[in-house]
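Step one of this worksheet: look at the structure below.
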Amino acid sequence: MKQQKIEGIALISENGTFSFNSGLPADEPVLEFDLKACRGSINFKKNACVDFVPSASPAFIPPAMDLLLREGGMTLKRTSRNYIVTMKFPIIESSDETKQRHSDEWKKVMAQIKRDRETIKEIF
């Protein structure tokens, strides 16, 4: 990790506002590395020493997914917010057969969702 020492003037206010001015022209490149805005914690000491520690970048965790029902070409999964229903139908099927199969599978899905919601209510 590169470090660079720069002398300048630091302004520290009672409310915790902190600013540092190197006193160099704005168009003069002083830093040898790119530094982007970051969040962190700043610690002030009585002797006017200041330490800034950047926060670790947040880790994005996908929602947990529970498999509730898998039957034939249908799956029912639950995340922390939604139910995800996937249904697969063969291509070579009449429209009436597809509608009937969709209706039958949807009834199974809704029954499973109802049971799952009841279990959630009992837990909470």
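Among residue pairs with one or both ends in residues 52-70, those qualifying as side-chain hydrogen bond (donor to acceptor under 3.5 Å, both in side chains) are D66-R78; sequence neighbours excluded. For residues 8-33, there are no salt bridge (charged side-chain N to carboxylate O under 4.0 Å, His left out) pairs, not counting sequence neighbours. Pairs engaging residues 86-95 under the salt bridge (charged side-chain N to carboxylate O under 4.0 Å, His left out) rule: E93-R101 [sequence neighbours left out].
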Can you list, pair by pair, the side-chain donor-acceptor contacts under 3.5 Å of residues 38-50, counting residues two or more places apart and other chains?
{"residue": "K45", "atom": "NZ", "partner": "D51", "partner atom": "OD2", "Å": "2.6"}
{"residue": "N47", "atom": "OD1", "partner": "C49", "partner atom": "N", "Å": "3.2"}

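For E71, the salt bridge (charged side-chain N to carboxylate O under 4.0 Å, His left out) partners two or more places apart in sequence, or in a different chain, are K108. Residues meeting the side-chain contact (heavy atoms from CB on, under 4.5 Å) test with S13, sequence neighbours left out: N15, T17. Looking at residues two or more places apart in sequence or on another chain, you find a salt bridge (charged side-chain N to carboxylate O under 4.0 Å, His left out) between K121 and E118. Applying the side-chain contact (heavy atoms from CB on, under 4.5 Å) rule to Q100 yields the partners D104; only residues at least two apart in sequence or on another chain are considered. Not counting sequence neighbours, N21 has no partner by the side-chain contact (heavy atoms from CB on, under 4.5 Å) test. With sequence neighbours excluded, no residue forms a side chain to side chain donor-acceptor pair (under 3.5 Å) with R117. Take A10 and apply the side-chain contact (heavy atoms from CB on, under 4.5 Å) test, not counting sequence neighbours, and it matches F18, F20.
Here I123 is tied into one hydrophobic group with L68, L69, M74, L76, Y83, V85, M87, F89, W106, V109, M110, I113, I120, F124, each link being a pair of ILVMFWY side chains closer than 4.5 Å.
Q4 places a side-chain heavy atom less than 4.5 Å from the side chain of V30.
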Q) Checking side chain to side chain contact (heavy atoms under 4.5 Å, CB included) for the pair S95/K99: CA distance, chi angles, key distance, verdict? A) CA-CA 6 Å; S95 177; K99 286 179 186 175; 3.7 Å; yes
